[in-house]
Amino acid sequence: MYGAKQEGRNRYHLFDPQRDRAVRAHRLAQDRIAVALAAEEFVLHYQPKVNMRQGSVIGVEALIRWQHPQRGLLPPLDFLPLIEDTDLIVAVGEWVIDAALRQWQLWQEQGLDLTVSVNIAARHLSRENFVARLAELLRAHPAVPPHRLELEVLETAALEDIGRVAAIIEECRTLGVSFALDDFGTGYSSLTYIKRLPAETLKIDQSFVRNMLRDPEDCAIVEGVIGLARVFHRAVVAEGVETIEHGALLLRLGCDIAQGYGIARPMPAAALIDWVRNWRPDPAWVANAGPTGSGDDRPLAIATAGQRR
Ligand code: C2E
Ligand code: MG
Ligand code: MG
């Protein structure tokens, strides 16, 4: 009856008990996620992004997890898809931005100065007040320079409404916030699209990177994205770098910045400082880096608080 009324009354709607159970379960799960947000059950883990050629840590990607009291630590794909089409994704997204900015400040106080990247869902990005809310969140953390924040948006989401997304990216740039097109290569970006999307960075999708050592076509895609980034003056980041060999080949192809299990898995914020302090690039990467590369001139990502500018 509710379905019939919702569709405009004066009609019938067949009751399907199985579908009804599924809809109820879905709604319950969504309600539970809202409770989790209020109860602060979400946490961010951070995965480093490094410059393999210079041997420096340049940033981290914030990745949400749910510390579920009964089910343990849940990955984002176990719960984000349930709220992707609801406004709850906006509330969760704002929590993520706020938590990442707060964490940036804590790291900064300990002498760590990195860029933090946050994933933004399509529905959140296309909210009318997205830029205004982002500006408010930045104002709430005046110690964080906006250029230390990068937003990652899926290439496929950016293509859905390219005019609007391009305008939002442009407005965010005036705030100082930069953009990366995530999972790049999985959409249908034409050259014209790339020209119209003012995102500074392309993140090569991990499926191509993972298979590039044994699949010449995936390797060609990786090479193609690196070439695109070069001609369009964009930065390029490879995700899914699982082994030293992946990194070595990427360096040979001209992609210096990488992220992946072969470098570090996402980790709790508290573990990052020690990780940054101890990380060294693999000697094979330095050997591959050519005459300009040297492991010795790595910029110091960590300074003591007193040494900071
Ligand atoms: P993503 O933004 O493409 O993030 C990379 C995902 O790949 C992360 O999974 C990361 O743990 C995983 N990964 C990194 N390196 C490797 C590797 O070498 N091998 C393999 N097999 N995997 C690797 P995670 O944390 O499960 O996140 C999955 C996706 O969920 C993310 O993909 C992103 O689209 C979404 N997501 C995560 N956090 C958030 C968030 O705070 N907000 C929104 N809207 N989406 C998020
Ligand atoms: Mg991402
Ligand atoms: Mg990705």
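- Side-chain atoms of Trp279 never come within 3.5 Å of backbone atoms of Val57 as a donor-acceptor pair (strictly under, hydrogens ignored).
- Checked by atom type and distance alone, the side chain of Asp20 never pairs as donor or acceptor with a backbone atom of Asp16 at under 3.5 Å.
- With sequence neighbours excluded, no residue satisfies side-chain contact (heavy atoms from CB on, under 4.5 Å) with Ala220.
- Partners of His246 by ring-ring contact (aromatic ring centres under 6.0 Å, His included), not counting sequence neighbours: none found.
- Shown here for Ala100 and Val118, the closest heavy-atom pair between the two residues is CB-CG2, 3.7 Å.
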Can you list, pair by pair, the side-chain donor-acceptor contacts under 3.5 Å of residues 166-185, counting residues two or more places apart and other chains?
from   : atom 1 : to     : atom 2 : distance (Å)
Arg173 : NH1    : Pro198 : O      : 2.9
Thr174 : OG1    : Glu171 : O      : 2.5

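- The two residues Pro281 and Val286 come nearest to each other via the heavy atoms CG-CG2, 4.2 Å.
- With sequence neighbours excluded, the residues that form a ring-ring contact (aromatic ring centres under 6.0 Å, His included) with Tyr46 are Trp107.
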Audit row: His13, Met1, side-chain contact (heavy atoms from CB on, under 4.5 Å) steps and yes/no: CA-CA 7 Å; His13 190 98; Met1 188 175 70; over 6 Å; no
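- Between Thr186 and Thr156, the closest side-chain pair of non-hydrogen atoms falls below 4.5 Å.
- Note that the CD atom of Glu94 and the CG atom of Leu37 stand 10.0 Å from one another [nearest 0.5 Å].
- Side-chain contact check for Leu249 versus Cys219: some heavy-atom pair is nearer than 4.5 Å.
- The side-chain contact (heavy atoms from CB on, under 4.5 Å) test applied to Ser126 returns Arg164, not counting sequence neighbours.
- Applying the side-chain contact (heavy atoms from CB on, under 4.5 Å) criterion to Arg214, with sequence neighbours excluded, gives Asn211.
- Enclosure of atom CZ in Arg9 is not indicated, since only 12 or fewer non-hydrogen atoms of other residues, nucleotides or ligands lie within 6.0 angstrom.
- Cluster partners of Val43, by chain and number: Leu73. The rule joins Ile, Leu, Val, Met, Phe, Trp and Tyr whenever side-chain heavy atoms lie under 4.5 Å apart.
- A 4.5 Å side-chain heavy-atom check between Met212 and Ile221 finds every atom pair outside the cut-off.
- Heavy atoms only, all atoms of each residue included: Leu74 and Phe79 are closest at O-CE2, 3.5 Å.
- With sequence neighbours excluded, no residue forms a ring-ring contact (aromatic ring centres under 6.0 Å, His included) with Trp95.
- The CZ atom of Arg277 lies 10.5 Å from the CG atom of Leu272; values are rounded to the nearest 0.5 Å.
- Checked by atom type and distance alone, the side chain of Asp87 never pairs as donor or acceptor with a backbone atom of Val90 at under 3.5 Å.
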Please tabulate, for side-chain N and O atoms in residues 62-71, each donor-acceptor pair with protein atoms closer than 3.5 Å (sequence neighbours left out).
from  : atom 1 : to    : atom 2 : distance (Å)
Trp66 : NE1    : Glu41 : OE1    : 2.9
His68 : ND1    : Gln70 : N      : 3.1
His68 : ND1    : Arg71 : N      : 3.1

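- Looking at Thr115 and Lys49, their side chains never bring a donor and an acceptor atom within 3.5 Å of each other.
- Atoms CG and CD1, on Leu149 and Ile97 in that order, are 7.0 Å from each other to the nearest 0.5 Å.
- Among residue pairs with one or both ends in residues 256-267, those qualifying as side chain to side chain donor-acceptor pair (under 3.5 Å) are Gln47-Gln259, Arg53-Asp256, Glu61-Gln259, Lys203-Gln259; sequence neighbours excluded.
- Proximity of Glu242 to Arg210: side-chain heavy atoms (C-beta onward) are separated by under 4.5 Å at one or more points.
- To the nearest 0.5 angstrom, Gln54 atom CD is 8.0 Å from Ile257 atom CD1.
- Annotation: the span from Leu228 atom CG to Leu191 atom CG amounts to 6.0 Å, rounded to 0.5 Å.
- Counting only heavy atoms from C-beta outward, the side chains of Leu151 and Leu134 approach each other to under 4.5 Å.
- The salt bridge (charged side-chain N to carboxylate O under 4.0 Å, His left out) search around Arg19 returns none, not counting sequence neighbours.
- In this structure, the side chains of Asp205 and Val225 stay at 4.5 Å or more apart for every pair of heavy atoms.
- Once rounded to the nearest 0.5 Å, the distance linking CD of Glu150 with CG of Leu114 reads 12.5 Å.
- Checked by atom type and distance alone, the side chain of Arg280 never pairs as donor or acceptor with a backbone atom of Gly55 at under 3.5 Å.
- With sequence neighbours excluded, the residues forming a side-chain contact (heavy atoms from CB on, under 4.5 Å) with Glu217 are Asp215, listed by chain and number.
- Proximity of Phe232 to Leu197: side-chain heavy atoms (C-beta onward) are nowhere separated by under 4.5 Å.
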Working for salt bridge (Lys or Arg N to Asp or Glu O under 4.0 Å), residues Arg27 and Asp31: CA-CA 6 Å; Arg27 230 173 265 150; Asp31 290 348; over 6 Å; no
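- Checked for salt-bridge contact, Asp98 and Arg102 meet the test: a charged N lies under 4.0 Å from a carboxylate O.
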Derivation of the side-chain contact (heavy atoms from CB on, under 4.5 Å) call for Leu250 and Met52: CA-CA 9 Å; Leu250 285 161; Met52 299 181 288; 4.0 Å; yes
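- Atom CG of Asn129 has more than 12 heavy atoms from other residues, nucleotides or ligands within 6.0 Å.
- Panel note: side chain Arg123, backbone Thr86; a donor-acceptor pair is recorded below 3.5 Å.
- Closest non-hydrogen pair, Phe42 versus Val92, comes out as CE1-CG2, 4.3 Å.
- Within the 4.5 Å cutoff, the side chain of Ile204 has heavy atoms near those of the Ile226 side chain.
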